[in-house]
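Structure first, commentary second.
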Amino acid sequence: MNDIPSMPADAGPLVSVSRLSKHYGGERHLIGGQTPLLKAVNDVSFDIAAGETLGLVGESGSGKSTTGRVLLQLEAPTGGDILYKGENITGLSKTLLKPYRRDMQIIFQDPYASLNPRMTVGEFVAEPLDVHGLAGARSERQERVASLFSKVGLDPAFMKRYPHEFSGGQRQRVSIARAIALNPAFIVADEPITALDVSIQAQIVNLFQDLQDELGLAYLFIAHDLSMIRYLCHRVAVMLRGRIVEIGPCEAIFETPQHSYTRALLSAIPVPDPDVERNRRPLSFDVAANLPPEEAVLRPVGDRHFVLEG
Ligand SMILES: Nc1ncnc2c1ncn2[C@@H]1O[C@H](COP(=O)(O)OP(=O)(O)OP(=O)(O)O)[C@@H](O)[C@H]1O
Ligand SMILES: [Mg+2]
């Protein structure tokens, strides 16, 4: 059934992007000259191993979502390569990309916007099975969807309900059920908890972790909340204006951050201890004055820990 070449146990990363870029604008017009060029993603490289979570952090507009979309080729990259299980899948036709689409899924911030209000949530979760011709007979399809509901902590009796009948956290569970319907190996989670009530966030993060343990999923987890990133991720990449300025194991990023931008981001995290919190002084970082030079490259500063140096 699986058309993707299988990977030997000692193979390289599951997902790998190399010198990925996505530029917007820059088009020449007969009248009005050239639109400004925006390098939303600029020369970004990273790997993600099977079963690993790479956190992607950075200020609003730094290019995190664009990185996720271009990695999945929901938009064509301007340059660079995307490898999946060692196969270069950049620019493949829709047909050739189809098996990879099954293996690589995305979950968005706002579950309500991604759900179809006129479709029962059961139908919504079953849709990818239909699209990929994996639904089987009617009873089998129902069973598959029911088991997906149970996996994400929803009562299968809810299958016939519509999205408006659910809370934000439940809707995100529905989106997650749909994303895992095709047994993917990799999920881009783009701020999947940001829109949720704080009391619900931890439950959804725990669900992501449980599913990772159970299904061996790898995640690119995009988030604003650094304490959640610390809790969830194996490695962290920090983005600034389209570039990765620092990437490394979670502990190294949080304990020994090297880039001044990473330090500024970390200094902004509130501390639960009121005495420490009272004396916390967030560091400022002037982005415009500290833009990474175009020629800057990532240099190793520790085990799997790299920092952008001009
Ligand atoms: N389709 C598009 N056309 C033009 N510019 C775009 C497009 N999509 C994104 N951009 C620009 O690219 C830059 C990166 O946007 P992106 O959405 O990737 O940032 P982000 O890090 O995800 O931000 P946020 O934290 O707010 O979600 C921004 O300046 C944005 O305005
Ligand atoms: Mg975004």
Side-chain angles (χ1 to χ4, degrees), residues 15 17 19-29 32-46 48 53-80 82 91 104-114 168 172 175-176 179 186-196 198 201 204-205 208 219-230 232-233 235-247 253 259 261-262 264-269 282 285-292 294 296 308:
V15 180
V17 300
R19 312 210 66 173
L20 193 70
S21 64
K22 180 67 185 178
H23 300 172
Y24 294 111
E27 298 97 5
R28 290 189 178 283
H29 298 285
Q34 201 169 345
T35 54
L37 178 69
L38 174 77
K39 296 185 176 178
V41 177
N42 187 7
D43 199 4
V44 158
S45 304
F46 57 78
I48 305 177
T53 304
L54 176 68
L56 189 57
V57 300
E59 65 175 1
S60 183
S62 55
K64 306 179 297 293
S65 296
T66 308
T67 300
R69 287 199 310 270
V70 172
L71 192 170
L72 297 180
Q73 298 192 73
L74 303 176
E75 286 180 70
T78 307
I82 301 142
M104 306 164 91
Q105 298 288 323
I106 188 162
I107 294 167
F108 296 104
Q109 172 174 339
D110 181 356
Y112 203 54
S114 45
Q172 199 55 296
S175 299
I176 295 169
F186 174 60
I187 293 179
V188 172
D190 189 354
E191 310 249 14
I193 56 166
T194 311
L196 302 178
V198 175
Q201 290 185 344
I204 300 295
V205 163
F208 273 102
Y219 299 124
L220 177 66
F221 198 92
I222 300 171
H224 269 102
D225 183 342
L226 286 161
S227 41
M228 215 53 103
I229 286 277
R230 182 172 201 169
L232 188 70
C233 298
R235 282 187 305 132
V236 180
V238 182
M239 265 188 108
L240 173 66
R241 297 282 173 101
R243 300 207 69 180
I244 287 181
V245 296
E246 184 158 3
I247 183 167
I253 297 291
H259 199 280
Y261 180 62
T262 313
L265 275 184
L266 295 178
S267 74
I269 308 176
F285 183 85
D286 184 347
V287 177
N290 290 284
L291 279 183
E294 247 340 273
L308 195 69

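One-based numbering along the sequence shown. Whatever order the structure lists ligands and atoms in, that order sets their numbers, starting from 1. Only this structure's heavy atoms are used, side chains among them; waters, hydrogens and symmetry mates stay out.
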For this session: May I ask whether Ser62 places a heavy atom under 4.0 Å from ligand 1?
Result: yes

For this session: Give a yes or no on whether atom 29 (O) of ligand 1 lies under 4.0 Å from any heavy atom of the protein.
Result: yes

Which atoms of ligand 1 sit under 4.0 Å from any heavy atom of [X]?
{"X": "Arg69", "value": "8 (N)"}
{"X": "Thr66", "value": "9 (C), 14 (C), 15 (O), 16 (P), 18 (O)"}
{"X": "Ser65", "value": "17 (O), 18 (O), 20 (P), 22 (O), 27 (O)"}
{"X": "His224", "value": "25 (O)"}
{"X": "Leu38", "value": "11 (C), 12 (O), 13 (C), 29 (O)"}
{"X": "Ala40", "value": "12 (O), 13 (C)"}

For this session: Could you pull out the closest heavy-atom pair between Glu59 and Tyr261, with the gap in Å?
Result: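 Shortest heavy-atom separation between Glu59 and Tyr261 comes out as N-OH, 2.9 Å.
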
Problem set entry | Nearest non-hydrogen partners of Val41 and Leu20, listed with the distance | CG1-O, 3.5 Å

Considering only the protein, which heavy-atom contact is closest to [atom], and what is its distance?
{"atom": "atom 26 (O) of ligand 1", "answer": "Ser60 OG, 2.5 Å"}
{"atom": "atom 5 (N) of ligand 1", "answer": "Tyr24 CD1, 3.3 Å"}
{"atom": "atom 25 (O) of ligand 1", "answer": "Lys64 NZ, 2.8 Å"}

Exercise. Aromatic rings Phe285 and His259: how do their planes relate, parallel, tilted or perpendicular, breaks at 30° and 60°?
Worked result: tilted

Exercise. Any nitrogen or oxygen of Gly61, main chain or side chain, under 3.5 Å from a nitrogen or oxygen of ligand 1?
Worked result: yes

Between [X] and [Y], do the side chains contain an N or O donor and an N or O acceptor separated by less than 3.5 Å?
{"X": "His29", "Y": "Gln34", "answer": "no"}
{"X": "Ser21", "Y": "Asn42", "answer": "no"}
{"X": "Thr194", "Y": "Gln109", "answer": "no"}

Exercise. Judged by atom type as modelled, is there a donor-acceptor pair below 3.5 Å linking the side chain of Ser62 to the main-chain atoms of Arg241?
Worked result: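 Such a contact is absent between Ser62 side chain and Arg241 backbone.
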
Exercise. Is it true that a side-chain atom of Glu246 and a backbone atom of Thr262 form a donor plus acceptor pair closer than 3.5 Å?
Worked result: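 Such a contact is absent between Glu246 side chain and Thr262 backbone.
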
Problem set entry | Glu75, portion touching ligand 1 at heavy-atom distance under 4.0 Å |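 It is neither part, as no heavy atom is under 4.0 Å.
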
Exercise. Backbone, side chain, both or neither: what part of Arg241 comes under 4.0 angstrom of ligand 1, heavy atoms only?
Worked result: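 Answer for Arg241: neither.
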
Exercise. Would you say Ser65 has an N, O or S atom lying under 2.8 Å from the Mg ion (ligand 2)?
Worked result: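 An N, O or S atom of Ser65 is closer than 2.8 Å to the Mg ion (ligand 2), so yes.
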
Exercise. OG1/Thr67 to CG/Leu220 distance, rounded to the nearest 0.5 angstrom?
Worked result: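 Here the rounded value is 8.0 Å.
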
For this session: Please determine if Glu294 and Arg243 form a salt bridge, counting it only when a charged side-chain N lies under 4.0 Å from a carboxylate O.
Result: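 A salt bridge is absent here (no side-chain N lies under 4.0 Å from a carboxylate O).
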
